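First the structure, in the form of structure tokens, and then the observations on it.
Order of the sequence lines sets the chain letters (A, B, ...), proteins ahead of strands, with each chain counted from 1. In this text, all values refer to a predicted model and were calculated from it rather than measured experimentally. Heavy-atom basis, side chains included; hydrogens, waters and symmetry copies ignored.
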Amino acid sequence: MRGERHLAAVCPSDERGPEGPRGATGPQRLDAGRAAPGGGVGRQADNDAVRLATWNVNSIRSRADRVVAWLQRRDVDVLALQETKCRDDQFPEDRFTALGYEVAHVGHSQWNGVAVLSRVGLADVTIDFPGQPHWGDSPATEARALGATCGGVRVWSLYVPNGRALDDPHYQYKLQWLAALRETAAGWLADDPGAQVALVGDWNIAPQDDDVWDMRVFATSTHVSEPERAAFRAVVDAGYADVVRPHAPGPGVYTYWDYTQLRFPRREGMRIDFVLGSPALAARTTYALVDREERKGKGASDHAPVVVDLAD
DNA sequence: ATGGTAGCTAGGCTA
């Protein structure tokens, strides 16, 4: 089942492989914020700088216009998406292939679903990391991980299980899922210490007290519990560093704000979306940004995109 | 103690 979906989910651009031409413009500073010349379709072949981003979009169909505009405005090369919230046959691929992106996605239901868009090549698509545990056949807990090699970087778009509540069976599933991810990701570095790997997405964990606006609110909640934080640290200890934090120091730098209770205007958020990079990837990181602007206005996702620049 | 909002999909579940 999964294998068939895998092939059905991938829509490679036929005229450009992983080593293909990159297009018309060099990398811009993230803070420049200007539209890419030539419609933002690619980069020159004279450098291998890559702008990588991750975004929990809370439905790709309702967010497609916004994502398209943002990709062009920020001149992003590779975007990992979470909570696409659509089946594979519903994914609006054409919106992105029209901009020069190759698209890989997997979604089984109205919940979750992950994707990777890339205009610097997209190869070796893998649905689910090796050893990934599953919650029976429940569609609510499927479609959580997709890996693809983009411009020499192995990118994993991850949607870590939410956990729901400390006494909910989904919480134990979340911890098992994270343990399996750590085990697998540690193995990749054992096999190749120089591997360029990015573990990106919605981790549903706030690793430090500074990563929520008020710890008292979360006293009995998931996302901040010590076992979850230990599971996150274990991935970091396996060699995957938070490459954003050095460029976005806290407190008060969040990536998610609940739709309810005016959390965004009150600046009451959580930092739960991360780009964790292998040593070789971390060494290339030159700049990072949480694009809080994208949380503003009508039709925003409840998450902001997180962007990382990798040097050539 | 509940509700607040958004999305999918047509009553309730998930986040």
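A:Asn162 has its CG atom 19 Å from the P atom of B:dA6, to the nearest Å. Taking atom CG of A:Asp202 as the reference point, atom P of B:dA15 lies 10 Å away to the nearest angstrom. To the nearest angstrom, C1' of B:dC8 lies 12 Å from CD of A:Glu83. The separation between A:Asp168 atom CG and B:dT14 atom P is 9 Å, rounded to whole Å. Going from atom CD1 of A:Ile60 over to atom C1' of B:dA6 covers 16 Å, rounded to whole Å. Residue A:Arg295 contributes atom CZ, which lies 13 Å from atom P of B:dT5 at whole-angstrom precision. Atom pair A:Ile205:CD1 and B:dA15:C1' shows a separation of 16 Å (rounding to whole Å applied). The separation between A:Tyr171 atom OH and B:dA15 atom C1' is 18 Å, rounded to whole Å.
B:dA10 and B:dA1: their C1' atoms are spaced 29 Å apart (whole Å).
Considering only side-chain atoms of A:Trp111, the nucleotide from B:dA15, B:dT14, B:dC8 that sits closest is B:dT14.
A:Arg263 places no side-chain N or O within donor-acceptor distance of the main-chain N or O of A:Glu268, the cut-off being under 3.5 Å.
Of the side-chain N and O atoms in A:Arg164, one or more sit less than 4.0 angstrom from OP1 or OP2 of B:dA15. The phosphate of B:dA6 (OP1 or OP2) has no side-chain N or O of A:Ser301 nearer than 4.0 angstrom. Proximity of A:Arg87 to the phosphate of B:dC8: no side-chain N or O atom is located under 4.0 Å from OP1 or OP2.
Here A:Arg271 pairs with A:Asp242 in a salt bridge; the nearest charged N to carboxylate O distance falls below 4.0 Å. Electrostatic pairing of A:Lys296 and A:Glu293 counts as a salt bridge here, judged by a charged N lying under 4.0 Å from a carboxylate O.
Under the 3.5 Å distance criterion, with hydrogens and angles disregarded, no donor-acceptor pair is assigned to the side chains of A:Gln132 and A:Arg144. With 3.5 Å as the limit, one finds a donor-acceptor pair spanning the side chains of A:Ser157 and A:Gln82.
The residue among A:Ser62 and A:Asn204 whose nearest nucleotide of DNA chain B is located toward the 5' end is A:Ser62. Comparing A:His303 and A:Thr84 against DNA chain B, the residue whose closest nucleotide sits nearer the 5' end is A:Thr84.
Within residues 251-275 of chain A, the residues that place at least one heavy atom under 4.0 Å from DNA chain B are, in residue-number order, A:Tyr259, A:Thr260, A:Gln261.
A:Val125 and A:Val50 fall within the same hydrophobic cluster, defined by Ile, Leu, Val, Met, Phe, Trp and Tyr side-chain heavy atoms under 4.5 Å apart, directly or through other members.
Residue A:Tyr256 belongs to a hydrophobic cluster whose other members are A:Val212, A:Trp213, A:Met215, A:Val217, A:Phe218, A:Val224, A:Tyr254, A:Trp257, A:Phe264, A:Met270, A:Ile272, with links defined by side-chain heavy atoms closer than 4.5 Å.
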